[in-house]
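Notes for the one structure printed next.
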Amino acid sequence: MSKGLPKRSEDYSLWYNELVKRADLAENSPVRGCMVIKPYGYSIWEKMQAELDRMFKETGHTNAYFPLFIPKSYLSKEASHIEGFAKECAVVTHYRLKNSEDGKSVIVDPEAKLEEELIVRPTSETVIWSTYKNWIQSYRDLPLLINQWANVVRWEMRTRLFLRTTEFLWQEGHTAHATKQEAIDETIQMMNIYAGFAETFMALPVVKGVKSINERFAGAEDTYCIEALMQDGKALQAGTSHFLGQNFAKAFDVKFATKEGGLEYVWGTSWGASTRLMGALIMAHSDDNGLVLPPKLAPNQVVIVPIYKGEEELARISIKAREIITKLKAKGISVHFDNRDTHKPGWKFAEYELKGVPLRIAMGPRDLENNTIELARRDNLSKETVYLGEIILEEYISNLLDDIQESIYRKAFNFREKMTTEVNTWAEFEELLESKGGFLSAHWDGTSETEERIKELTKATIRCIPIDRKEEDGKCILTGNPSKGRVYFARAY
RNA sequence: CGGGGUGUAGCGUAGCCCGGUAUCGCGCCACAUUUGGGAUGUGGAGGUCGUAGGUUCGAAUCCUGCCACCCCGACCA
């Protein structure tokens, strides 16, 4: 195995693919488009899950689980929904295998054909709404605030580890409300939760916005999203929240008795974030030496590497290391002591850089003698020797971790600012998209045709209509027709 | 699914044009010396050459189908 990672500047895709594999995050599986999430990658996902789950529960949601299989007929009940997903559904047609004639293999038993085929869920709106019909009768049953952690399958043409896989893990929230406004508030609340999670935990600045009709979820009235910018200047949708109106309530006949004695359809929302967040995390911060993980999501925030000759020296360093570990753990800092004798310190340094551990402590005989440690930051690769005599180590490390979290965010934020450009002419739009990339803030006449045309011409799509954009009269970048405000264009993942 | 490329030991590769069962590096195992940025030496193990057929006395090499991966399109979180 060659030691260095491919350079981002030379081949960004190759760098990403290699990084995912070399950092032990994931690998390809025998099935096309599916991936094995390895223990290290999965433990990052678990940290994301834990935090999101906490945020959902804090806002009144509870978890449930709905089945993997959906009767084919359910999917067709909401017209635009089926239109959006039909082309990428895996279908179960049989329920039994049998030995082939020659006994050497197994074949699908033609006798065991299902009467109604089952769809492997691409998303669960349909099963869930068919269930909600039974759960909701009165305004007293509302709001219904449910989330599920699940796997879904979308048979994509082209896949990439984490960013787009045939099967992926996610959470999907599905809520039902008595009023339109309440449902809209819920939709916006969840977008804000995603944005807060991305910024606080992933150290990933995001743009909050609304999708154009073309980019909207199949079956939604409005799709809210958070959009992040990757280091190659391409945008990535990191979470979506949909206001479903009464579309699914009508499709599945979910009505409730109002306080006033009327009978009305409920208002729905759904919202999701997936293992794609892993891709965002990797691409947003990492460098040519490997992963850079924000301390709040790193499986190990600190690693201690002993430097020693012989058993006796290791034993003396270990005593000191144990003291440090005890202090750090008491402060809630996760720390790994790598006392393996099978690898040399230099090898370990490179390894933990590849894996993105935020802080590394090196301790050798010299440190023992001077009562010092060597501290190395992963984010900016700086090193310092710290004298333990005059600091409270756990405070010092804790502050340093906060500082790293903040610096990573700040760096990504500055990058995004630098890569967000206001453009006013079509020539400039085309030129900047090629030379610089990033978000292009431009006027758009609001029509699907224009958006479509721009996509054909440049591969750029409207990422979102920023939620906090200022109203301003202008002319559409392509058609020159009147526009009431700017939208963000970018090439996207 | 269309166009292009690749598939040889755990990983990365040479060999393929011009058929004679395989090269090198990393990793792995053993021993010794090493240990403050991916150690060195010596010895060793490991290969249905993606897969199924075909041509041939003989196929990694030539032909056909299939599969997977990568890049570029169409689709998408």
Side-chain angles (χ1 to χ4, degrees), chain A residues 1-6 11-18 21-22 27-35 83-89 122-123 152-172 194 211 214-218 220 223 225-228 235-242 270-280 289-290 305-311 313-314 317 339-354 360-370 372-374 376 381 383 385 455-456 459 461 463 492-493:
Chain A
M1 200 203 295
S2 63
K3 284 174 181 169
L5 209 54
D11 189 338
Y12 195 83
S13 306
L14 185 65
W15 167 81
Y16 175 81
N17 291 336
E18 283 296 306
K21 288 177 198 158
R22 298 236 205 128
E27 62 190 35
N28 286 302
S29 80
V31 178
R32 174 198 166 76
C34 293
M35 66 177 164
E83 205 183 308
F85 287 108
K87 287 169 296 199
E88 51 191 46
C89 285
T123 179
V152 287
V153 167
R154 295 181 190 174
W155 217 266
E156 301 287 353
M157 303 278 173
R158 269 179 78 183
T159 58
R160 293 191 70 190
L161 291 169
F162 290 119
L163 296 174
R164 181 170 299 107
T165 47
T166 300
E167 180 193 16
F168 57 91
L169 306 183
W170 78 345
Q171 69 46 230
E172 46 179 325
Y194 289 140
K211 286 292 187 190
N214 291 18
E215 299 282 321
R216 185 150 85 192
F217 174 73
T223 287
C225 63
I226 57 170
E227 291 284 328
L236 184 141
Q237 179 176 304
T240 49
S241 183
H242 315 291
S270 68
W271 26 276
S274 71
T275 36
R276 185 179 229 208
L277 288 176
M278 292 286 293
N289 293 314
V305 177
I307 296 158
Y308 60 94
K309 290 179 192 166
E311 293 281 319
E313 205 163 83
L314 174 60
I317 292 167
N339 59 359
R340 287 179 298 176
D341 196 29
T342 48
H343 297 283
K344 303 205 2 167
W347 190 93
K348 292 175 183 174
F349 293 173
E351 178 72 3
Y352 291 113
E353 271 163 24
L354 180 62
R360 180 184 72 228
I361 296 176
M363 283 172 68
R366 234 157 48 208
D367 294 303
L368 229 45
E369 201 174 301
N370 302 331
T372 57
I373 53 171
E374 182 190 78
L381 298 171
K383 281 194 267 195
T385 300
K455 188 178 174 184
E456 278 167 28
K459 291 185 227 162
T461 49
R463 298 324 301 156
Y493 277 99

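Letters A, B, ... are given to chains in the order of the sequence lines, protein chains preceding strands, and every chain is numbered from 1.
Remark: A/Lys348 NZ to A/Thr342 OG1 distance equals 6.5 Å, nearest 0.5 Å. Considering CD1 of A/Ile373 and CG of A/Asp367, their distance stands at 8.0 Å, rounded to 0.5 Å.
Side chain of A/Thr372 to backbone of A/Thr385: no donor-acceptor contact under 3.5 angstrom is found. Although no hydrogens or angles enter the test, the distance criterion places a donor-acceptor pair under 3.5 Å between the side chain of A/Ser29 and the main chain of A/Cys34.
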A correct dot-bracket answer for RNA chain B, with pairs being Watson-Crick or G-U at under 3.5 Å, [ ] for crossing pairs and | for inter-strand pairs, is ((((((((.[[[..)....(...]]].((((((.....)))))).....[[[[[..)....]]]]])))))))....

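Taking only side-chain atoms of A/Asp367, from C-beta outward, the nucleotide of B/G36, B/G73, B/C70 with the closest atom is B/G36. Picking from B/A77, B/G37, B/C1 the nucleotide with the shortest atom distance to the side chain of A/Gln237 gives B/A77. Between B/C75, B/G38, B/G73, one nucleotide has an atom nearer to the side chain of A/Ala350 than all others, and that is B/G38. With distances taken from any side-chain atom of A/Asn28 to the nucleotides B/C69, B/G37, B/C71, the minimum falls on B/C69.
Legend: residues meeting side chain to side chain contact (heavy atoms under 4.5 Å, CB included) with A/Ala376, ordered by chain and number and at least two apart, are A/Arg360, A/Lys383. Remark: A/Tyr308 engages no residue in a ring-ring contact (aromatic ring centres under 6.0 Å, His included) (not counting sequence neighbours). The ring-ring contact (aromatic ring centres under 6.0 Å, His included) test applied to A/Trp155 returns no partner, not counting sequence neighbours. With sequence neighbours left out, the side chain to side chain contact (heavy atoms under 4.5 Å, CB included) criterion links A/Lys87 to no other residue. Contacts of A/Glu369 classified as salt bridge (Lys or Arg N to Asp or Glu O under 4.0 Å), with partners at least two apart in sequence or in another chain: none. Among residues two or more places apart in sequence or in another chain, the ring-ring contact (aromatic ring centres under 6.0 Å, His included) test is passed with A/Tyr194 by none.
In this structure, A/Lys87 atom NZ and B/A74 atom P are separated by 13 Å, rounded to whole Å. Rounded to whole Å, atom C1' of B/C26 lies 15 Å from atom CG of A/Leu354. The CE-P distance, from A/Met157 to B/C71, rounds to 17 Å in whole Å.
Residues A/Glu215 and A/Arg463 meet the side-chain proximity criterion, which asks for heavy atoms closer than 4.5 Å.
Looking at heavy-atom distances under 4.0 Å, A/Arg360 makes contact with a base.
When the C1' atom is used for both B/G54 and B/G15, the distance is 24 Å, rounded to whole Å. The gap from the C1' atom of B/G7 to that of B/G37 amounts to 35 Å, rounded to the nearest Å. Taking atom P on both nucleotides, B/G4 is separated from B/C76 by 26 Å, rounded to a whole Å. Comparing the same atom, C1', in B/A52 and in B/U48 gives a spacing of 13 Å after rounding to whole Å. Distance noted for atom P between B/C66 and B/A30: 46 Å (whole Å). Spacing of P atoms, B/U61 relative to B/G50, comes out at 8 Å, to the nearest Å.
Donor-acceptor pairing under 3.5 Å, judged by distance alone, is present between the side chain of A/Lys383 and the base of B/G37.
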Show each protein N/O and nucleotides 66-68 of chain B N/O combination with a separation under 3.5 Å, one pair to a line.
none

Please tabulate, one pair per line, each protein N/O and nucleotide N/O from nucleotides 32-35 of chain B that are separated by under 3.5 Å, including the distance.
residue : atom : partner  : partner atom : Å
B/U35   : O2'  : A/Tyr308 : O            : 3.2

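At the phosphate of B/C71, OP1 or OP2 sits under 4.0 Å from a side-chain N or O atom of A/Ser13. Look at A/Arg158 and you'll find a side-chain N or O under 4.0 angstrom from OP1 or OP2 of B/C72.
Within residues 160-168 of chain A, the residues that have a heavy atom under 4.0 Å from RNA chain B are, in order of number, A/Leu163, A/Arg164, A/Thr165, A/Phe168. Within residues 272-279 of chain A, the residues having any heavy atom under 4.0 Å from RNA chain B are, by residue number, A/Ser274, A/Arg276.
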Given protein heavy atoms under 4.0 Å, the one-letter contact record of nucleotides 41-47 of chain B, with B base, S sugar-phosphate only and - none, is simply -------

